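Hydrogens, waters and symmetry mates are skipped; everything else that's a heavy atom, side chains included, is used. Just so we're clear, the structure is a prediction, and the values are computed from it rather than from any experiment. Throughout, protein chains are lettered first and strands after them, A, B, ... in sequence-line order, and every chain is numbered starting at 1.
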Amino acid sequence: QSALTQPASVSGSPGQSITISCTGTSSDVGSYNLVSWYQQHPGKVPKLMIYEGSKRPSGVSNRFSGSKSGNTASLTISGLQAEDEADYYCCSYAGSSTLVFGGGTKLTVL
Amino acid sequence: QLQLQESGPGLVKPSETLSLTCTVSGGSISSSSYYWGWIRQPPGKGLEWIGSIYYSGSTYYNPSLKSRVTISVDTSKNQFSLKLSSVTAADTAVYSCARGWWGHYYMDVWGKGTTVTVSS
């Protein structure tokens, strides 16, 4: 079980859209529509932003959206805002009730 | 409102066993809808799933930690616990507990986390 692969960093200007990729294998991301995304501000608790690939919890802005193609899941944030600057982690079901996280992506809003 | 609170020693010596407890308040740990998990984050690094437990006691562990991890549940106290044996400096991290949705495998409520340092 290897960690999912995410870019170390992405950046964008306010109002722009960015996409964070999360690449796994046919044993995790590719086999299940069970990818979740978490936002973590420095020193804070991770916050669930997307679950089951594309579903948003109540209270999460519709600027956040999720998708999947093959072994790669993606998180797209549209209309970037300063408050979106944070670390983002993907997490996938990997079978047998186990989970695997991505290495995390630092989003900088320029 | 469901809350989770981690507790346990903040300093553990190398080769000893790290022991933490997560107390669940505002809801029952015995609900069949949820599982309860442990996640850690070493300083400056990413999140790592340690393992999960269902209220029935069924456990699921990260394969890379499986030989050293034990997670247990005490439904009478609405708590679940983590034991990690033979710790080294690499186990220094913020340890967090979380609630997950059974069958859906996402975690929607997290504890604030507790820092555990492994040092002599």
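- Note on B:Tyr61: it does not cluster hydrophobically with A:Val100, by side-chain heavy-atom contacts below 4.5 Å among ILVMFWY residues.
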- Task: Show your reasoning for whether ring-ring contact (aromatic ring centres under 6.0 Å, His included) applies to A:Tyr51 and B:Trp101.
- Result: CA-CA 10 Å; A:Tyr51 66 98; B:Trp101 284 75; 8.4 Å; no
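- Heavy atoms closer than 4.5 Å to chain B are found in the side chain of A:Gln40, but not in its backbone.
- B:Leu2 and B:Tyr55 fall within the same hydrophobic cluster, where Ile, Leu, Val, Met, Phe, Trp and Tyr residues are linked whenever their side-chain heavy atoms come under 4.5 Å apart, directly or through other members.
- With rounding to the nearest 0.5 angstrom, the CG atom of A:Asp87 is 7.5 Å from the CD atom of B:Gln41.
- Using a 4.5 Å cut-off between heavy atoms, A:Tyr32 makes no contact with chain B at all.
- Going from atom OG of A:Ser58 over to atom CG of B:Asp108 covers 11.5 Å, rounded to the nearest 0.5 Å.
- Among A:Gly103, A:Cys91, A:Pro46, A:Ala94, the residue making the largest number of heavy-atom pairs under 4.5 Å with chain B is A:Pro46.
- Counting heavy-atom pairs closer than 4.5 Å to chain A, the top-ranked of the candidates B:Trp102, B:Trp49, B:Tyr60, B:Tyr35 is B:Trp49.
- No chain of hydrophobic side-chain contacts below 4.5 Å, direct or via other Ile, Leu, Val, Met, Phe, Trp or Tyr residues, connects A:Val10 to A:Phe101.
- Heavy atoms of A:Pro57 lying under 4.5 Å from chain B are absent altogether.
- With hydrophobic clusters built from ILVMFWY side chains whose heavy atoms lie under 4.5 angstrom apart, A:Leu34 does not share a cluster with A:Val29.
- Of the two parts of A:Ser92, neither the backbone nor the side chain holds a non-hydrogen atom closer than 4.5 Å to a non-hydrogen atom of chain B.
- Residues B:Tyr105 and A:Ser97 have side chains that bring a donor and an acceptor to within less than 3.5 angstrom of each other.
- With chain A as partner, the option from B:Met107, B:Lys112, B:Glu48 having the largest number of non-hydrogen pairs under 4.5 angstrom is B:Met107.
- When all heavy atoms are compared, the tightest approach of B:Leu47 to A:Tyr89 is N-CE2, 3.6 Å.
- Note: the hydrophobic cluster containing B:Ile50 also contains B:Leu84 (ILVMFWY, side chain heavy atoms under 4.5 Å, direct or indirect links).
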